[in-house]
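Atoms within a ligand are numbered from 1 in the order they appear, just like the ligands themselves.
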Amino acid sequence: MGMSMIDSYERNINYLRVSVTDRCNLRCTYCMPKEGLSQIGHDDILRYEEIHRIVLVAAGLGITKVRITGGEPLVRKGVTDFVASLRTIPELEDISLTTNGILLESCAEKLFAAGMRRINISLDSLNAGKYARITRGGEIRSVLRGIRKVRETGFSPIKINIVAIKGVNDDEILDFARLTLENPYQIRFIELMPLGHAGIQNNGLYLSNDVVRERIEAFGRLEPVNGRRRSSDGPAQICRLAGGVGEIGFISPVSHHFCSTCNRLRLTADGHLRSCLLSDSEADLKG
Ligand code: SAM
Ligand code: SF4
């Protein structure tokens with residue numbers, strides 16, 4: 001058996017989220033200012049070899065799961081080869097990706113060939129106009145083509161993340177839930193967090209997952225999925241609409257804190273290690 005990292009709260013830290021870039025091809029209103037972020041300079045971004053070295057050390061200390069994220073990870077050149085390079089680390093049981101899906105259609109087969117099987121796609125509306133407004137110009141058809149492609153390619157599970165935004169997409173909760181009746185997706189409702197560059201704009205737009213859940217339950221019976229939590233579910237509570245093939249997940253960082261079960265570390269694109277989203281303390285690994 002390998003090493004484990006047990007912290008002072010007796011949490012087993014086995015999950016590392018790796019941001020490969022701070023850049024993004026969208027500007028979601030709740031995440032980024034419309035002009036984008038002041039970007040990290042080319043020399044400050046970790047090279048893939050440097051990230052690989054950090055993941056290798058982390059795997060030796062007890063990390064078994066890695067998620068590639070950003071910014072938008074698929075905008076960084078060479079990301080599929082990087083994923084393939086992580087497959088050579090034997091301690092890693094699970095390598096996954098979170099993407100906005102815009103570039104997914106063209107990358108799906110390469111990611112699959114690189115050994116990736118699990119993918120999370122962010123999609124906050126099923127309506128083209130509204131999607132473009134939330135993302136400030138995103139083209140929903142690209143994302144839908146990406147989702148179709150990962151399904152055809154054989155990815156599983158395919159998780160679709162929706163940040164519920166009061167007065168913006170909360171009229172689509174049932175449309176998203178209904179998708180699980182006939183499609184093998186895990187539709188995950190995420191509570192809007194008062195974070196980052198758009199933190200203040202997010203005031204008043206928060207919607208509790210208790211409300212999301214009530215609205216779905218008024219439509220159909222929600223059954224908990226197999227009682228026992230699967231380690232791949234992370235902090236999500238997973239249910240199924242009676243008779244549905246897919247699943248519905250609720251990730252509720254605001255209404256139901258899950259700090260006591262948090263098992264993750266984050267590596268920023270410029271090589272800082274963070275243990276908590278809500279804290280600024282970090283360790284400079286690049287230096
Ligand atoms: N660009 C990729 C994407 O959108 O999937 C990966 C990075 S993005 C920061 C990861 C996830 O965080 C997305 O599902 C996004 O919707 C979510 N997110 C961003 N800001 C958030 C906030 N303030 N509250 C809750 N979720 C947020
Ligand atoms: Fe980009 Fe993802 Fe943030 Fe949207 S949520 S702006 S896609 S990083």
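For the pair R117 and F112, the distance from NZ or CZ to the six-membered ring centre is under 6.0 Å and the angle to the ring normal is within 45 degrees.
Put simply, the side chain of K65 never gets that close to the backbone of N14: no donor and acceptor are under 3.5 Å apart. A donor-acceptor contact shorter than 3.5 Å links the side chain of R67 to the backbone of L97. N183 places a side-chain N or O within 3.5 Å of a backbone atom of L179 that can act as its donor or acceptor partner. The backbone N or O of E105 sits nowhere less than 3.5 Å from a side-chain atom of R145 that would complete a donor-acceptor pair.
Across T21, T98, T99, a single residue satisfies side chain to side chain donor-acceptor pair (under 3.5 Å) together with E72, and that is T99.
The ligand atoms of ligand 1 that sit less than 4.0 angstrom from a heavy atom of N161 are 14 (O). Of all atoms in ligand 1, listed by their number and element, those nearer than 4.0 Å to a heavy atom of V163 are 16 (O), 26 (N). Close approach of ligand 1 to E72 (heavy-atom distance below 4.0 Å) involves ligand atoms 1 (N), 2 (C). Atoms of ligand 2 found under 4.0 Å from any heavy atom of M32 (numbered from 1 in listed order, with element): 6 (S). Near L192, meaning under 4.0 Å from any of its heavy atoms, are these atoms of ligand 1: 23 (N), 24 (N), 25 (C). Atoms of ligand 1 lying under 4.0 Å from at least one heavy atom of T69, given by number and element, are 6 (C), 7 (C). The atoms of ligand 1 that sit less than 4.0 Å from any heavy atom of M193 are 22 (C), 23 (N), 24 (N), 25 (C). Atom numbering of ligand 2 starts at 1 in the shown order; those under 4.0 Å from a heavy atom of G71 are 8 (S).
For atom 7 (S) of ligand 2, the nearest non-hydrogen atom from the set N100, T29, N25 comes from N100.
Ligand 1 has an N or O atom lying under 3.5 Å from an N or O atom of S122, backbone or side chain. Considering backbone and side-chain atoms together, T99 places an N or O closer than 3.5 Å to an N or O of ligand 1.
Note on I162: it clusters hydrophobically with F219, by side-chain heavy-atom contacts below 4.5 Å among ILVMFWY residues.
At least one heavy atom of G71 sits less than 4.0 Å from an atom of ligand 1.
Using cut-offs of 30° and 60° for the angle between ring planes, the F176 and F189 rings count as perpendicular.
Not one N/O/S atom of C28, from backbone or side chain, sits under 2.8 Å from atom 3 (Fe) of ligand 2.
For atom 1 (Fe) of ligand 2, the closest non-hydrogen atom on the protein side is C24 SG, 2.3 Å. The shortest contact between atom 3 (Fe) of ligand 2 and any protein heavy atom is with C31 SG, 2.4 Å.
No salt bridge links D170 with K166; every basic N to acidic carboxylate O contact stays at or beyond 4.0 Å. Taking the charged nitrogens against the carboxylate oxygens, E152 and R148 have no contact shorter than 4.0 Å, which rules out a salt bridge.
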